[in-house]
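Since the model is a prediction, treat every value here as computed from it, not as a measurement. Letters go in sequence order (proteins before strands), and every chain restarts at 1.
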Amino acid sequence: MRLFDTLARTDRELRPIDGKTFRFYCCGPTVYGPAHIGNFRTFVLQDVFRRVLETAGIPTLHVRNITDVDDKTIRDSQKAGKPLADFTAAWTAKFHADCEALRLLPPHIEPGAVEHIPQQIAMISTLVKKGHAYASDDGSVYFKISSFPDYGKLSRLDSRELDLGKTQNARANSDEYEKDNLSDFVLWKARRPGDGDNFWPSPWGEGRPGWHLECSAMIAEYLGDSFDLHSGGVDLVFPHHENEIAQSVCACGGRFSAHWFHVTHLLVDGGKMSKSLGNLYTLEDLAAKGFTPMEVRYVLIGGHYRKPLNFTLDSLHAAHEALQKLAKGATALATRAGGDFTLADVSFGPFQAAWDQLNHDLNTPGALGSLFTGLRESTALTGRDAAAALAGFNRILRALGLILPPAEEKTADIPADIQAIAEERWQHRTAKNWAKSDELRARLTELGWTMKDGKEDYTLTPIR
RNA sequence: GGCGGAGUCGCCAAGUGGUAAGGCAACGGUUUGCAAAACCGUUAUUCGAGGGUUCGAUUCCCUCCUCCGCCUCCA
């Protein structure tokens with residue numbers, strides 16, 4: 001497949017550098033609370049990316065870390081009155097549950113930062129030894145940006161802009177840090193009173209690793225000095241990924257990541273998500289509004305990963321309808337196939353366009369569109385042809401990670417009083433007492449329920 | 001101030017130097033007591049504004065307007 005590379009600024013064909021397995025790293029969550037749908041946009045797109053590679057027959061090695069020690073995890077674990085490990089374990093479990101609900105394939109390796117402190121200390125030692133890092137008086141260690149000429153290439157920052165960064169942040173940092181150069185970033189943070197029990201011994205004294213270094217050390221451990229692709233949200237381009245490159249290249253040599261895949265941020269109601277605006281949704285928030293994880297997934301892949309995607313409750317409703325339509329189309333296709341066929345070839349048939357779009361810079365919205373047009377083109381197919389088309393359709397669905405819903409579910413838990421009114425109305429309707437019938441339907445609407453009449457029975461749906 | 005991205009039908013959203021996918025919604029028809037569901041059909045001469053290049057631009061260039069993101073630990 002072809003994919004845009006942040007560093008090269010162009011589409012490039014992806015091939016495993018070892019000729020066999022495509023090895024890639026994704027920056028995972030910081031586990032101090034529930035992940036929100038913005039976080040999941042990135043993880044879902046990374047999942048589709050992996051599924052497309054695997055559908056194309058390319059094996060993958062997917063590494064995604066858990067950041068289980070940093071300022072926020074320490075702060076919030078103390079606020080909760082729990083040991084850091086217990087606190088992060090609980091949120092990690094929640095993250096895994098959400099991932100499963102969204103049908104994200106689990107990474108092959110999911111390292112945690114705390115488990116890899118020795119590797120991190122070793123990497124810092126190497127950087128100090130090679131002259132790329134230095135310890136300050138308080139026992140923190142910093143990376144010396146001036147020792148790495150390529151610094152800023154990924155994010156296109158030149159030295160002038162770094163200088164600007166210095167002046168902008170000089171005031172904020174001057175009383176906290178002991179850096180040679182204010183643009184230098186921290187590799188090891190000296191123990192502070194507020195850290196509680198969360199510190200580890202090191203050659204520079206007690207402390208804890210810096211966030212950027214955690215990823216570099218775990219990448220070195222599991223993917224070595226050169227690997228195929230690195231991914232995360234756009235906000236990580238600077239400084240996180242820029243710093244990772246500096247640390248890893250200086251410590252390990254090698255080319256680090258051959259390709260950079262960044263997912264643009266999700267917007268909610270046209271703007272940035274924030275707690276203060278009350279638009280920071282989690283899967284649980286949306287479930288409470290009656291939306292399924294699959295509907296969320298559909299919305300998240302409904303926009304191209306390099307464009308802003310505007311998330312609204314309305315788009316979730318549209319996703320619900322769209323998934324129903326796909327399910328009906330698939331059922332109709334299966335009915336027309338009329339039986340099982342042994343299908344030798346693995347072509348995509350009417351869904352070739354969808355596959356092509358997925359392979360062209362991961363165009364998920366284009367592929368979704370082609371799913372509908374492919375279904376329409378298949379309406380005349382029967383027997384083996386229909387079965388072949390259905391096979392292609394299902395391959396695309398698997399690549400997108402979509403599971404179609406069963407035919408519109410009849411609501412299970414209807415309150416007794418609502419049920420009673422509906423029964424009464426049904427009797428009036430059967431007796432052709434239209435006036436009373438309409439009156440009772442209006443009443444149900446007022447009570448928040450929609451009653452739809454069928455030939456033999458009726459359905460009640462809550463209005464949301 | 002610097003860097004980057006975006007403005008396409010009421011909403012969401014693809015796409016392309018050659019004349020605008022798809023979904024939702026809406027509307028019309030068949031059907032229905034009326035609705036709903038289902039099925040069929042319709043819905044942007046136009047792609048933020050203005051110039052330019054071109055046989056031809058929404059797609060390339062320039063200017064402007066609007067919005068968004070990043071600029072030291074936020075996916």
Side-chain angles (χ1 to χ4, degrees), chain A residues 6 9 26-30 35-46 67 70-72 145 152 155-158 160-169 172-173 177 179 182-186 189 210-214 231-240 242-243 262-267 270-274 298-299 302-304 306-312 314-326 328 353-354 357 360 363-376 379 408 429 432-435 437-438 441 450-455 458-459 461:
Chain A
T6 309
R9 303 261 149 187
C26 302
C27 287
T30 300
H36 54 69
I37 51 168
N39 298 310
F40 281 120
R41 180 185 191 188
T42 300
F43 298 133
V44 165
L45 265 297
Q46 289 165 343
T67 297
D70 79 326
D71 292 346
K72 293 187 296 273
I145 283 179
S155 52
R156 304 214 146 169
L157 288 173
D158 62 27
R160 204 173 49 122
E161 283 140 21
L162 287 170
D163 285 346
L164 185 72
K166 279 195 297 196
T167 52
Q168 273 186 347
N169 294 285
N173 290 335
Y177 296 102
K179 304 180 192 179
L182 284 163
S183 296
D184 291 350
F185 59 90
V186 70
K189 303 179 95 161
W211 176 48
H212 311 302
L213 190 90
E214 296 175 2
S231 176
V234 271
D235 56 313
L236 298 184
V237 173
F238 186 87
H240 187 55
E242 199 72 76
N243 292 353
H262 289 108
V263 179
T264 298
H265 275 198
L266 187 71
L267 301 177
K272 191 183 181 178
M273 284 187 298
S274 74
Y298 187 96
V299 171
H304 186 85
R306 283 201 285 133
K307 277 193 175 183
L309 172 62
N310 190 18
F311 184 92
T312 63
D314 222 40
S315 61
L316 275 172
H317 184 75
H320 175 84
E321 298 301 326
L323 284 166
Q324 289 292 335
K325 189 166 179 173
L326 287 175
K328 282 169 192 158
Q357 288 175 98
H360 182 214
N363 187 350
T364 50
L368 285 176
S370 297
L371 234 30
F372 290 95
T373 47
L375 233 29
R376 195 169 301 144
T379 49
E408 189 81 79
R429 200 191 93 93
K432 298 187 191 291
N433 185 354
W434 311 131
S437 177
D438 288 350
R441 183 162 59 192
T450 303
M451 182 165 176
K452 295 172 184 173
D453 305 334
K455 274 251 187 290
Y458 57 87
T459 56
T461 329

Identify the nucleotide, in any strand shown, that forms a Watson-Crick or G-U wobble pair with [N], with both distances under 3.5 Å; if there is none, say none.
N	answer
B/rU54	none
B/rC64	B/rG48
B/rA21	none
B/rC70	B/rG2
B/rG28	B/rC40

Pairwise [atom1] distance for [N] and [M], with rounding to whole Å:
N	M	atom1	answer
B/rA44	B/rG51	C1'	24 Å
B/rA38	B/rA57	P	43 Å
B/rU72	B/rG2	C1'	16 Å
B/rG5	B/rG10	P	28 Å
B/rG41	B/rC55	P	41 Å
B/rU58	B/rA49	P	10 Å
B/rC9	B/rA14	P	13 Å
B/rG33	B/rA26	P	23 Å

I need the [atom1]-[atom2] distance between [X] and [N], as an integer number of Å.
X	N	atom1	atom2	value
A/Glu242	B/rG4	CD	P	14 Å
A/Phe238	B/rC3	CZ	C1'	11 Å
A/Asp71	B/rC74	CG	C1'	13 Å
A/Leu236	B/rU72	CG	P	14 Å
A/Leu267	B/rC70	CG	C1'	14 Å
A/Phe40	B/rA75	CZ	P	12 Å
A/Arg41	B/rG69	CZ	C1'	12 Å
A/Arg156	B/rG2	CZ	P	16 Å

- Summarise protein proximity over nucleotides 19-35 of chain B in one line of letters, 5' to 3': B for base, S for sugar-phosphate only, - for none, counting protein heavy atoms closer than 4.0 Å. --BSSSS-------BBB

Give [X] one of three labels, base, sugar-phosphate or nothing, depending on what nucleic acid heavy atoms sit under 4.0 Å from its own.
X	answer
A/Gly38	base
A/His262	nothing
A/Leu371	nothing
A/His240	nothing

- Task: Please state whether the rings of A/Trp211 and A/His240 are parallel, tilted or perpendicular, taking 30° and 60° as the class boundaries.
- Result: parallel

- Message: Once you measure the plane-to-plane angle for A/His317 and A/His320, does it fall in the parallel (<30°), tilted (30-60°) or perpendicular (>60°) bin?
- Response: parallel

[X] side chain near [Y] side chain, heavy-atom distance below 4.5 Å:
X	Y	answer
A/Phe185	A/Ile145	yes
A/Arg441	A/Asp453	yes
A/Arg429	A/Met451	no

How long is the span from the [atom1] atom in [X] to the [atom2] atom in [Y], to the nearest 0.5 Å?
X	Y	atom1	atom2	value
A/Met273	A/Ile37	CE	CD1	6.0 Å
A/Asn310	A/Ser315	CG	OG	7.5 Å
A/His212	A/Asp70	NE2	CG	11.0 Å

- Task: Could you check which of B/rG5, B/rC12, B/rA38 has an atom nearest any side-chain atom of A/Asn310?
- Result: B/rC12

- Out of B/rA6, B/rA75, B/rC68, minimum distance to the side chain of A/Pro308 belongs to B/rA6

- Task: Determine, step by step, whether A/His265 and A/Val234 satisfy the side-chain contact (heavy atoms from CB on, under 4.5 Å) criterion, reporting the C-alpha distance in whole Å, the side-chain angles of both residues, the deciding distance to 0.1 Å, and the verdict.
- Result: CA-CA 7 Å; A/His265 275 198; A/Val234 271; 3.6 Å; yes

- Task: Return the 5'-most residue of the pair A/Thr379, A/Cys27 with respect to RNA chain B, ranking by each residue's nearest nucleotide.
- Result: A/Thr379

- Note on the structure: Assign each of A/Asn243 and A/Thr264 the nucleotide of RNA chain B bearing its closest heavy atom; nearer the 5' end lies the nucleotide of A/Asn243

Just to confirm, is there a sub-4.0 Å distance from OP1 or OP2 of [N] to any side-chain nitrogen or oxygen of [X]?
X	N	value
A/Asn363	B/rA14	no
A/Lys307	B/rA14	yes
A/Lys328	B/rA38	yes

- Query: Are A/Arg41 and A/Thr264 close enough, and set up right, to give a side-chain contact (heavy atoms from CB on, under 4.5 Å), and what steps lead you there?
  - Reply: CA-CA 9 Å; A/Arg41 180 185 191 188; A/Thr264 298; 4.1 Å; yes

- Query: Has A/His265 got its ring stacked on the base of B/rA75, with centres under 5.5 Å and planes less than 30° apart?
  - Reply: yes

